[in-house]
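Here is the structure we will look at.
Throughout, protein chains are lettered first and strands after them, A, B, ... in sequence-line order, and every chain is numbered starting at 1. Predicted, not measured: the structure shown is a model, and the values here were computed from it.
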Number of protein chains: 2
Amino acid sequence: MGMLEQAEGASHRPAPVHTHPDEVPLLTALSALADPVRIQLVRELAKHPAWALSCSNFDVPVGRAAKSHHFAILRSAGLVEQRDQGPKRLNRLRREEFDARFPGLLDLTLRADETE
Amino acid sequence: MGMLEQAEGASHRPAPVHTHPDEVPLLTALSALADPVRIQLVRELAKHPAWALSCSNFDVPVGRAAKSHHFAILRSAGLVEQRDQGPKRLNRLRREEFDARFPGLLDLTLRADETE
DNA sequence: ACCAGTGTTCGACAGTCATCGTACAGTGCT
DNA sequence: AGCACTGTACGATGACTGTCGAACACTGGT
């Protein structure tokens with residue numbers, strides 16, 4: 001069985017739980033971005049094309065457990081979408097959708113911050 | 001004894017410490033707004049003209065001590081300016097200055113939030 | 001079938017934060 | 001002088017949160 005199957009691969013892994021930005025309260029969005037590690041994740045994510053990076057590709061000064069935790073928060077805030085491909089979990093920044101819900105907030109986060 | 005007298009009548013009270021929005025890191029601004037009580041304070045402040053409200057005029061479900069703490073955080077985030085008048089401490093939302101530093105963030109906070 | 005790589009979950013821990021009650025300090029008024 | 005009002009400072013407390021280590025689960029290749 002070595003066929004190029006992408007639709008029904010009998011994935012025995014629970015799909016990541018997502019929340020659409022439209023269903024995210026403002027407080028949740030602000031809390032998600034009010035963390036240095038998560039800001040770094042979002043910024044690095046924005047520097048690459050969608051689905052280009054898996055979780056392990058991010059260079060943040062925390063272990064895998066904490067990294068997984070941060071991605072869960074970013075998902076529940078409607079900031080990141082994840083898709084499983086093989087053993088990896090590819091990420092995509094939800095630019096348009098999030099910007100439609102919270103106009104300017106993502107641009108603000110991505111912009112170079114002189115006063116840091 | 002005092003020779004360092006202020007111009008206006010000898011205020012023996014320490015003036016509130018302010019931080020200009022230009023000197024506020026993004027993380028500090030987001031953290032300041034990532035709190036339900038402070039969001040409420042900012043919104044209520046925006047509904048009245050500048051210097052119209054003293055701290056005790058705000059109807060938030062916390063005691064005076066916590067309220068004072070929240071105002072200190074809002075000051076240090078460049079969101080609120082305070083001025084003493086008599087026993088009261090009048091407040092003003094730093095709309096223009098904060099919006100120049102973090103464009104759109106204040107509008108985002110003040111806008112009615114359907115998904116709450 | 002084993003194994004290396006990837007990511008999640010669990011328990012535990014330390015640090016931070018929001019809150020309270022109380023005490024304290026100014027201000028203005030009588 | 002007192003007194004009422006306003007706001008801050010302090011200490012304590014409970015809750016939340018970011019972090020880790022270890023165990024676990026899944027995938028794909030050897």
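- Between the CD atom of Q85(B) and the P atom of dT27(C) there is a distance of 13 Å, given to the nearest Å.
- Residue A65(A) has its side chain nearest to dC10(C) when only dA18(C), dC10(C), dC20(C) are considered.
- Considering only side-chain N and O atoms, R64(A) lies nowhere under 4.0 angstrom from the phosphate OP1 or OP2 of dG5(C).
- Residue contacts for D35(A): at a heavy-atom cut-off of 4.0 Å it reaches the sugar-phosphate backbone alone, with no base atom in range.
- If you measure from atom CG of D84(A) to atom P of dG5(C), you get 19 Å, rounded to the nearest angstrom.
- Residue R38(A) places its side chain closer to dG18(D) than to any other of dG18(D), dA22(D), dC20(C).
- Of the residues in residues 44-56 of chain B, those lying under 4.0 Å from DNA chain D by heavy-atom distance are S54(B), C55(B), S56(B).
- A heavy-atom distance below 4.5 Å is not found between the side chains of T28(B) and I73(B).
- A donor-acceptor pair shorter than 3.5 Å cannot be found between the side chains of H18(A) and R75(A).
- Residue-level contact check: R89(A) touches the backbone only, with heavy atoms under 4.0 Å from sugar-phosphate atoms and none from bases.
- Note: NE2 (H69(B)) to P (dC10(D)) measures 13 Å, nearest angstrom.
- Comparing dT6(C), dT8(C), dT19(C) against the side chain of P87(A) picks out dT6(C) as the nearest.
- Interatomic distance, E44(B) CD to N91(B) CG, rounded to the nearest 0.5 Å: 11.0 Å.
- Of the listed nucleotides (dC20(D), dT8(D), dT19(C)), dT8(D) has the atom at the smallest distance from the side chain of Q82(B).
- With the nearest nucleotide of DNA chain C identified for both N91(A) and P61(B), N91(A) has the one nearer the 5' end.
- Taking a cutoff of 4.0 Å between a charged side-chain nitrogen and a carboxylate oxygen, R95(A) and E81(A) do not qualify as a salt bridge.
- Of the candidate nucleotides dT22(C), dC26(D), dG18(D), dC26(D) has the atom nearest to the side chain of H12(A).
- Nearest-nucleotide positions on DNA chain C for P16(A) and P14(B) put P16(A) closer to the 5' end.
- For K67(B) and dT6(D), the NZ to C1' distance is 11 Å, given to the nearest whole Å.
- Computed from coordinates, the N57(A) CG to dG7(C) C1' distance equals 13 Å when rounded to whole Å.
- Rounded to a whole Å, the CZ atom of F71(A) is 13 Å from the P atom of dT19(D).
- Atom NE2 of H20(A) sits about 10.5 Å away from atom CZ of R101(A), to the nearest 0.5 Å.
- Taking 4.5 Å as the limit, every side-chain heavy atom of L53(B) sits out of range of all side-chain heavy atoms of L90(B).
- Between the CD atom of Q40(B) and the P atom of dT19(C) there is a distance of 11 Å, rounded to whole Å.
- Side-chain contact between C55(A) and R64(A) is absent, with no heavy atoms from C-beta onward closer than 4.5 Å.
- Counting non-hydrogen atoms under 4.0 angstrom, H70(B) reaches the backbone sugars and phosphates but no base.
- If you take CG of L41(A) and P of dG7(C), they are 12 Å apart, rounded to a whole angstrom.
- Within the 4.5 Å cutoff, the side chain of L74(A) has heavy atoms near those of the R38(A) side chain.
- The side chain of S68(A) lies closest to dT9(C) when the candidates are dT9(C), dG18(D), dT19(C).
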